[in-house]
Amino acid sequence: MADTLDDFPITRRWPPRRAGVIQLYTLNTPNGVKASIMLEELGLDYDAHRISINDPQDQMTPEFLSLNPNNKIPAMIDPDGPDGKPMGLWETGAMLIYLADKTGRLLPAGGAARYQTLQWLMFQMGGVGPMFGQLGFFHRYRGAEIEDKRPRDRYVAEARRLLGVLDRQLDGRDWITGDYSIADIATAPWVDNLLRNYDAGELVGYADFPVVDAWVRRFMARPAVQRGMVVGAA
């Protein structure tokens, strides 16, 4: 186990500006903003380090891989981890749960409510994120050049199905599980990205999901969300 931030090789490429605060390595992607929004919602102090996923590919450097062997953003180091020792962490689901447990906020501490929130977090991680991401590839990025539209249409249908699941769950609720939680923080940025970055609203028939749309608008209006969305952009 590391004793100081200096024990993490990543800090040699991206030196901490303040050694006593959380070090966040991120970019303003749908996954990247989950962590920064969570930190903003909790009011935790942190240094943000922008990690390029283009050229140069920061996430493929030995320093970044030393923290996240899966070479994906975001990742973080908490200098005040368990037992007061620094701890590195990656995978947004794990990061959100850790930060919620650290502060006692945005995730019930126990009982059925905790597991209901976690199941909707897993819904995003296993469904919304991967399926929307594939849709974006085949609709907006290099996959759009493929003449055979069956791959794109498969992900359009799955994205529409997932939006329907969300729409039914949110009917009569302001937030996915009733109270604002890590489930909302994980999921809403992906729906926003589907519309804003992938430009796929018409493709998936987004107008058929007004309950989801109202929820996304509530989410995006939160001041902490607005601050967290731009972290990693500069």
As an exercise, state the distance from [atom1] of [X] to [atom2] of [Y], rounded to the nearest 0.5 Å.
{"X": "L121", "Y": "T187", "atom1": "CG", "atom2": "OG1", "answer": "7.5 Å"}
{"X": "I37", "Y": "Q226", "atom1": "CD1", "atom2": "CD", "answer": "10.0 Å"}
{"X": "Y155", "Y": "R161", "atom1": "OH", "atom2": "CZ", "answer": "13.0 Å"}
{"X": "I97", "Y": "M38", "atom1": "CD1", "atom2": "CE", "answer": "9.5 Å"}
{"X": "T177", "Y": "R114", "atom1": "OG1", "atom2": "CZ", "answer": "12.5 Å"}
{"X": "L42", "Y": "L99", "atom1": "CG", "atom2": "CG", "answer": "6.5 Å"}

With the 4.5 Å side-chain cut-off for hydrophobic clustering, are [X] and [Y] part of the same group?
{"X": "I73", "Y": "V128", "result": "no"}
{"X": "Y46", "Y": "V225", "result": "yes"}
{"X": "L96", "Y": "Y115", "result": "yes"}
{"X": "I176", "Y": "L162", "result": "yes"}
{"X": "L170", "Y": "V216", "result": "yes"}

Going by heavy atoms in the side chains, are [X] and [Y] under 4.5 Å from each other?
{"X": "F64", "Y": "W14", "result": "yes"}
{"X": "N31", "Y": "M95", "result": "no"}
{"X": "Q124", "Y": "K34", "result": "yes"}
{"X": "V230", "Y": "N28", "result": "no"}
{"X": "P82", "Y": "M87", "result": "yes"}
{"X": "L65", "Y": "P62", "result": "no"}
{"X": "Y206", "Y": "V191", "result": "yes"}
{"X": "V33", "Y": "V231", "result": "no"}

Quick one: closest heavy-atom pair of [X] and [Y], and the distance?
{"X": "T117", "Y": "S181", "result": "CG2-OG, 3.6 Å"}
{"X": "A200", "Y": "H139", "result": "CB-CD2, 4.0 Å"}
{"X": "L67", "Y": "I10", "result": "CD2-CD1, 3.8 Å"}
{"X": "E41", "Y": "Y180", "result": "OE2-OH, 2.8 Å"}
{"X": "L89", "Y": "A94", "result": "CD2-O, 3.7 Å"}
{"X": "D80", "Y": "K102", "result": "O-NZ, 2.9 Å"}

Do the side chain of [X] and the main chain of [Y] share a donor and acceptor less than 3.5 angstrom apart?
{"X": "T26", "Y": "G32", "result": "yes"}
{"X": "R50", "Y": "L27", "result": "no"}
{"X": "D7", "Y": "T4", "result": "yes"}

Apply side chain to side chain contact (heavy atoms under 4.5 Å, CB included) to F209 and R160, showing your working.
CA-CA 9 Å; F209 308 104; R160 182 172 172 83; 3.6 Å; yes

Only pairs at least two apart or in different chains count here, so list each side chain to side chain donor-acceptor pair (under 3.5 Å) that has a residue in residues 57-73.
R13-D58

Name the orientation class of the two ring planes belonging to W120 and F123 (parallel below 30°, tilted from 30 to 60°, perpendicular beyond 60°).
perpendicular

Are there more than 12 heavy atoms of other residues, nucleotides or ligands under 6.0 Å from atom [atom1] of [X]?
{"X": "R18", "atom1": "CZ", "value": "yes"}
{"X": "R17", "atom1": "CZ", "value": "yes"}
{"X": "R227", "atom1": "CZ", "value": "yes"}

Decide, yes or no, whether a salt bridge links [X] with [Y] under the criterion of side-chain N to carboxylate O below 4.0 Å.
{"X": "R173", "Y": "D184", "value": "no"}
{"X": "D83", "Y": "K85", "value": "no"}
{"X": "R196", "Y": "D192", "value": "yes"}

Taking it one step at a time, do D167 and W215 satisfy side chain to side chain contact (heavy atoms under 4.5 Å, CB included)?
CA-CA 9 Å; D167 207 66; W215 163 72; over 6 Å; no

Run the numbers on Y98 and E91 for side chain to side chain donor-acceptor pair (under 3.5 Å), then give the verdict.
CA-CA 11 Å; Y98 171 78; E91 279 296 330; over 6 Å; no

